[in-house]
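Notes for the one structure printed next.
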Protein chains: 2
Amino acid sequence: MSDPERRPGRAATERSTRQKRALAAVLDATGGFRSANELFLELRARGQNVGLTTVYNQLRALVELGEVDAVRSDDGETRYRRCETGLHHHHLTCRVCGRTVEIQGPEVEHWADEMAAEHGYVEVSHTLEIVGTCGSCAAGGRRGASRSAG
Amino acid sequence: MSDPERRPGRAATERSTRQKRALAAVLDATGGFRSANELFLELRARGQNVGLTTVYNQLRALVELGEVDAVRSDDGETRYRRCETGLHHHHLTCRVCGRTVEIQGPEVEHWADEMAAEHGYVEVSHTLEIVGTCGSCAAGGRRGASRSAG
DNA sequence: GTAATTGCAAAGGATTTGCTCTGGT
DNA sequence: ACCAGAGCAAATCCTTTGCAATTAC
């Protein structure tokens with residue numbers, strides 16, 4: 001009995017493998033968010049054949065460990081990127097170009113906890129997403145018509 | 001050939017139908033976000049049998065028309081709610097029994113706008129969801145739900 | 001040696017599309 | 001009548017799971 005949360009066959013982070021190292025390298029090399037598939041492709045491009053399943057498994061493990069950030073994009077994909085800070089933070093995303101900025105708000109965290117406590121809620125967690133049009137996109141006169149087909 | 005954007009068989013908003021009215025009614029009745037399936041089930045509960053496909057089609061059309069807001073939740077579902085043109089409130093939801101409390105936070109609204117402005121973002125909107133375990137549920141059978149991040 | 005890990009094949013779940021029938025105007 | 005709209009069935013897309021083979025330690 002080691003970890004009651006672990007299911008057989010699913011990845012954890014106990015042993016160092018070629019695949020884990022390769023994925024970590026790609027995550028390090030890319031500053032922004034990437035979908036699991038993009039990471040998978042990038043690994044191939046680097047000559048590191050890592051199974052898509054493994055990419056997903058590792059990504060999930062990393063998210064649980066808080067080492068990677070996961071965000072759902074409008075088209076249904078989950079995009080990942082290495083966390084810049086281990087702290088809890090939120091994202092400010094541009095609805096046109098997708099540029100994302102990590103922001104922190106102690107006030108918000110506090111407010112959320114306070115509200116929850118006030119109503120007798122415990123084990124609270126929250127999600128806050130801010131979407132807007134970034135300066136460049138707003139200036140470029142580009143309409144927010146990035147909404148094309150999926 | 002009237003609307004070049006429209007594909008055959010897909011819903012628009014030209015004719016009034018029983019289904020559209022039913023969906024609109026449910027959206028009106030529920031202040032918060034609901035998944036397509038929840039709306040579908042709610043319609044059934046009301047004795048209004050509307051196909052799930054139709055719910056999806058209408059929801060999509062409404063989102064495109066800007067009458068409904070769509071947000072992706074962490075578990076992969078898209079949740080919808082009628083757009084409110086005024087100050088919106090947030091929801092504090094119990095992860096066990098689903099009890100929901102409406103809360104308002106002028107500070108948060110302000111903070112979000114401030115953050116966005118600070119980074120040069122305009123036309124900002126945000127979504128905030130707080131999830132926890134309410135008093136009753138915490139007192140009763142507790143679960144080791146480890147939902148984090150957000 | 002042995003449990004952790006990989007990754008193919010297949011399953012799953014949400015959402016969309018093909019297509020045909022229904023119904024609003 | 002005529003075409004927007006409804007909705008079943010099947011297809012898609014992203015992600016997870018079953019499980020046998022592989023590999024780190």
Side-chain angles (χ1 to χ4, degrees), chain A residues 1-24 26 33-44 48-65 68 70-80 147-150, chain B residues 1-26 33-41 43-44 47-65 67-68 70-80:
Chain A
M1 54 139 246
S2 47
D3 196 324
E5 290 288 19
R6 183 157 327 135
R7 274 154 323 203
R10 295 303 133 225
T13 308
E14 287 186 16
R15 295 180 183 178
S16 171
T17 65
R18 188 198 98 241
Q19 292 88 335
K20 286 182 188 173
R21 267 174 267 124
L23 178 57
V26 171
F33 285 94
R34 285 290 143 76
S35 68
N37 194 55
E38 286 171 339
L39 291 168
F40 167 68
L41 259 28
E42 174 60 27
L43 282 165
R44 289 208 138 171
Q48 292 287 341
N49 254 60
V50 177
L52 181 56
T53 301
T54 299
V55 171
Y56 272 112
N57 281 175
Q58 276 311 311
L59 245 18
R60 184 146 53 138
L62 291 172
V63 168
E64 273 169 25
L65 287 174
V68 162
V71 171
R72 296 254 176 199
S73 59
D74 280 351
D75 65 325
E77 276 183 298
T78 300
R79 328 272 318 271
Y80 311 79
R147 208 84 301 155
S148 55
Chain B
M1 51 144 269
S2 46
D3 196 324
E5 292 288 16
R6 184 160 323 138
R7 273 154 325 196
R10 294 304 132 228
T13 310
E14 288 186 15
R15 296 181 184 177
S16 171
T17 65
R18 188 198 98 239
Q19 292 87 335
K20 286 183 189 173
R21 268 174 268 123
L23 177 56
V26 171
F33 285 94
R34 285 289 141 76
S35 68
N37 195 56
E38 285 170 340
L39 290 168
F40 168 68
L41 259 28
L43 282 165
R44 289 210 138 169
Q48 292 288 338
N49 254 61
V50 177
L52 181 56
T53 301
T54 297
V55 172
Y56 272 113
N57 281 182
Q58 276 310 312
L59 244 20
R60 180 138 66 129
L62 291 172
V63 168
E64 272 169 27
L65 288 173
E67 288 181 26
V68 162
V71 171
R72 294 254 175 198
S73 59
D74 280 351
D75 64 324
E77 277 183 288
T78 300
R79 329 274 315 272
Y80 310 81

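Quick note on labels: first sequence line is chain A, next is B, and so on, each numbered from 1. Please read these numbers as outputs of a predicted model, since none were measured by experiment.
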Let me know, please, whether T17(B) or Y56(B) comes out on the 5' side of the other along DNA chain C by nearest nucleotide.
-> Y56(B)
Residue mapping more 5' on DNA chain C - nearest nucleotide basis, S16(A) or S16(B) | S16(A)
Looking for any heavy atom pair under 4.0 Å, which part of the strands does [X] touch: base, sugar-phosphate only, or nothing?
X	answer
S35(A)	nothing
D75(B)	nothing
T78(A)	sugar-phosphate

[X] versus [Y], closest heavy-atom pair with distance:
X	Y	answer
L52(A)	A36(A)	CD1-O, 4.2 Å
K20(B)	E14(B)	NZ-N, 3.7 Å
S35(A)	Y80(A)	C-CD1, 4.5 Å
R72(A)	D75(B)	NH2-C, 3.7 Å

Atom [atom1] of [X] and atom [atom2] of [N]: how far apart are they, to the nearest Å?
X	N	atom1	atom2	value
R21(A)	dT6(C)	CZ	C1'	14 Å
L52(A)	dT16(D)	CG	P	10 Å
R72(A)	dA14(C)	CZ	P	11 Å
L41(A)	dC14(D)	CG	C1'	14 Å
L59(A)	dT6(C)	CG	C1'	15 Å
R15(A)	dA4(C)	CZ	P	6 Å
N37(B)	dT15(C)	CG	P	9 Å
E14(A)	dA4(C)	CD	P	6 Å

Within less than 4.0 Å of OP1 or OP2 of dA6(D), is there a side-chain N or O belonging to Q58(B)?
->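 Yes, Q58(B) has a side-chain N/O under 4.0 Å of OP1/OP2 on dA6(D).
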Indicate whether OP1 or OP2 belonging to dG23(C) is found under 4.0 Å from a side-chain N or O atom of Q19(B).
->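 So the side-chain polar atoms of Q19(B) never come under 4.0 Å of the phosphate oxygens OP1 or OP2 of dG23(C).
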Pairwise N/O distances under 3.5 Å, protein to nucleotides 10-13 of chain D:
none

Hey, what do you get for CG (N57(A)) to CG (L62(A)), rounding to the nearest 0.5 Å?
->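 Between atom CG of N57(A) and atom CG of L62(A) there are 10.5 Å.
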Non-hydrogen side-chain atoms of V50(B) and L39(B) separated by less than 4.5 Å =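 Sidechains of L39(B) and V50(B): no contact.
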Check whether any side-chain heavy atom of R21(B) sits under 4.5 Å from a side-chain heavy atom of Q48(B), and report yes or no.
->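 Not touching, per the 4.5 Å side-chain cut-off.
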If you check the R60(B) side chain, which of dT17(C), dA6(D), dT15(C) turns out closest?
-> dT17(C)
